[in-house]
Amino acid sequence: MKKSLFFLFICLSLTAHSQRNIQSLNSAWKFATEQEPEKTEIVNIPHTWNAEDAFRDGKEYFRGKGIYEKTLFAPEEWNEKRMFLKFEGSNQVTTVFVNDQQIGEHRGGYTGFVFDISEALIPGKENKIRIEVDNSHNLDIPPLDADFNFYGGIYRDLWLVTTPKVHFEMANEAAGNILIKTPEVSEESGNLEVEAKVVNSSAGKKNTEVKIDIFDPTDKLIKTLRKEFNLKAGEIKKVNFSHTVNTPELWSPSSPVLYRVEASVSAADSENDIIDSRFGFRWFEADPEKGFFLNGKPLKLIGANRHQDFENLGNALPGELHLRDYEMIKEMGANFIRTAHYPQDPEVYKVCDELGLLVWSEIPVINDVTDSEAYHEVSKQMQREQILQFFNHPSVVMWGYMNEIFIRLVFNNKLTEEEKREKIRTSVELAKKLEKQTKELDPYRLSVMALHENEIYNTSKIADIPDVIGWNLYMGWYGPGLENFGKFLDEQHERYPDRPLFISEYGPGADIRNQTSDPKPWDYSEAYQLKLHRSYIRQVLERDFVLGMAAWNFADFGSSFRQDAMPYINQKGLLNMDRTKKDIYYYYQARLLEEPVLYLAGKNFSERFPKDASEKLQFTVFSNAAEVTLNFNGKQYTSEVEKGIALFEISLPEGTHQLTATAEDLSHSRDFTIRYRRNLLSELDKNDLLINVGTHVQYHDPVTKEVWIADQEYREGGFGYVGGKIYQKSKDKFQGTASDIQGTENDPLFQTMREGIEAYKFDVEKGKYKVTLLFAEPEYSASEENIYNLSEVSEEKAATLRSFDISINGEKVKKDLNLARDFGRIRAAEISFITRTEKGLEVSFSSNLGKSLLSAIKLEKL
Ligand code: GCB
């Protein structure tokens, strides 16, 4: 053996010998819930029991206890070791038993924790491990209430760690982390402090050495520091080191360079215990007038919030899916992410370090607090765990500790004035405690809380507590007027000029099945999503004082009580829940990326129905080039790019055409199918006519691929509605209802409708036709408080909502149609009629009680 090889061999075998053993303990657990103890199954971690039932019609998902069991064979040599179970996250109260002995309990679903199982585990034997996880509503544990699902289970990796008897501390809030602080950083020097805790679990006193190796971003060793001391049996000792690195390479989104510390502890007759962690050098500040600065340079923070769940998986994601999300956030051009509303998988912080994404990480103190010592304590513990576990990540710049904490109070009209005052008092008290603790643990980062648009945060003075204020603003969605957004910011800035402001949330719901070129609030169209995001980005970029903005949300996410265009899903994502991209994602790319971007929008809007050749169609191209050319059939149209968008208004002949956008060396093509509305009746032999009544939105059924075109008023020679009004469930929403329509997946089709409609007319030629009418009774009056409990409404009341007759060409085909009585409320219903006509079809509605109603109509020529 050559000398160098021999040397390498020795080194490798030494390191291997002295490493702690870290192994995953994810596979093959016997699992059952307390609800159905006999129904056991074998599951793998990451696991949740709510991946399906949180998306099921009309029922609450199961919140209770789930029990995981397995046997663990402990080899004889573990006699000489310490053994730990390390959880990365389990929601939300976790109790561990080893051989039926209770080892400990952890409260809170979003941070890691470690149990020392050394005393209970018997080496040389099979040991019984039992883990009980409980996600019941618990008044002492945040979150009490929030717009996302509290999926139960051990939903992040579980590890078994064995260490030598003299080892770095594993238990307590840091969950095995050493702390690396960079209190003072400049271009000239980076000051580094390392704090490690060592434990002597052996029976006697130990002469101990802790060695710290510091590696530069190329993994070259740049410094070794040592400390030697005696450790008594059972003693835990904090060991501190410091060092200054000259002209450190600075971490930033464009250059996310990472240094590394490796710490090893050695003692006589004990193997070494080695751990390592990466860290970075950077400094930052939040200026209330000039915005955010990183390493002395202004940096507008732009990005998104991110929830951790995924289609069909709940919160139990393989690590790869977490990573992929963050890669897509980076690829969008973003430099910022808020881990709303809770600490996320440890991999997330690592990948943000590597990709160069700045992070606001927060604990789930959301919507409401309990005025109890226990609630305050658990909140503080969560914040301690979050800070100590993710301390070393240079990506993290803000620690958050509350979100919209007064929203329940503001909307709860059952609370007395006195009760409200008490809520405010306890919330402010808790905020002060959390602020104090945050600063004690980490004086180098910014503290932050997110508020909803309400004066109460100012009057209660809670907004004066953290370093930075995040506003969650939904003007143009929950409230009126896109321009009110900027006005609100200016007003806040004027009143509180010393408060650094961040836009922590904004965005409308958007469903890729809903398309229009004439977007309006609450139409759930992709076009309205684009309109709102465009406007908000512009308004933020016009204001230097705003630190940055984070879109709500990176992807659609599960929220079991939500009623949107898709029930149980919050659809404000830039991506769908399965991570296919909505068009808006590409708009961000055009706005934020430096490399050339060109994207012809309309992925989900490829079928267009203009009146005729005279109606111009809108085509939108996202790009960061100066101008874009749109090529169609040898013709070229050129348009300047304004703030990421080149807009084209052109008329196209009927048929399927390829349009190609070009800019610089890039090109992007897409096929569009054009059909003129004036010809739809004469083409009934080939194509059915489907109309999404009561809305300007065109609806795409993803299953049948049918397109339900936007509604129109009847004109002679054509087709359309006569009389009535667009149905509005609530005054401030432009159209329709957002209720979960039972019995269909095509909720948007049934959510919008025309009320008081007199007729739907088609000037068709002689023939035999099938007319299908689609309805849903949108009023659920008495049960409004509890949308899940439809049966609570008396039959009597239901029957008095509305009744109408339907005639076709003057002949009564349906008498006394009472949707609530005949089908039930908010339930999809359709009735088809076969009819013959000599000329023209008029479906007319006459009311007996209340107003007539129609959601959609389909005409087929037989
Ligand atoms: C908010 C909340 C967030 C919700 C969002 C929404 O302000 O902080 O949890 O999901 O609004 O979509 O309403």
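Every number for a ligand or one of its atoms is a count from 1 in the order of the listing. Model, not experiment: these values are computed from the prediction.
The option from Tyr474, Tyr478, Trp471 that lies nearest to atom 13 (O) of ligand 1, judged by heavy atoms, is Tyr478.
Nearest to atom 12 (O) of ligand 1 among the protein's heavy atoms is Lys572 NZ, 2.4 Å. Taking atom 1 (C) of ligand 1 as the reference point, the nearest protein heavy-atom neighbour is Glu505 OE1, 2.8 Å. When hydrogens are left out, the protein atom nearest atom 10 (O) of ligand 1 is Asp147 OD2, 2.6 Å; that is the closest non-hydrogen contact. Protein heavy atom in closest approach to atom 9 (O) of ligand 1: His341 NE2, 2.7 Å.
At a 4.0 Å heavy-atom cut-off, ligand 1 touches Arg562 through the side chain alone. For Asn570, every heavy-atom contact with ligand 1 shorter than 4.0 Å involves the side chain, none the backbone. In Phe557, the part holding a heavy atom less than 4.0 Å from any atom of ligand 1 is the side chain. Residue-level proximity to ligand 1 for Phe148 is absent, since no heavy atom of it falls below 4.0 angstrom. Of the heavy atoms in Asn403, only side-chain atoms (C-beta onward) come closer than 4.0 Å to ligand 1. Residue contacts with ligand 1 for Glu404 involve side-chain atoms from C-beta outward but no N, CA, C or O (heavy atoms, distance under 4.0 Å).
Partners of Arg579 under the salt bridge (Lys or Arg N to Asp or Glu O under 4.0 Å) rule, at least two apart in sequence or in another chain, are Asp325.
Here Tyr349 and Phe390 bring their ring centres to under 6.0 angstrom of each other. A ring-centre distance under 6.0 Å is found for Tyr506 and His533. A distance of 6.0 Å or more separates the ring centres of Tyr474 and Trp552.
A donor-acceptor contact under 3.5 angstrom links the side chains of Tyr727 and Glu779, judged on distance only.
Of the charged side-chain nitrogens involved, none lies within less than 4.0 Å of a carboxylate oxygen, so that Lys433 and Glu377 do not count as a salt-bridged pair.
Annotation for Glu494: atom CD does not count as buried by contact number, only 12 or fewer foreign heavy atoms lying within 6.0 Å. Counting heavy atoms of neighbouring residues, nucleotides and ligands inside a 6.0 Å radius, atom CD of Glu745 does not exceed 12 of them.
Between the Asn305 side chain and the Ala550 main chain, a donor and an acceptor come within less than 3.5 Å of each other.
Under a 4.0 Å criterion applied to the non-hydrogen atoms of Trp552, ligand 1 contributes the atoms 3 (C), 4 (C), 5 (C), 6 (C), 9 (O), 10 (O), 12 (O). Close contacts between ligand 1 and Asn472 involve ligand atoms 7 (O), 8 (O) [criterion: under 4.0 Å to a heavy atom].
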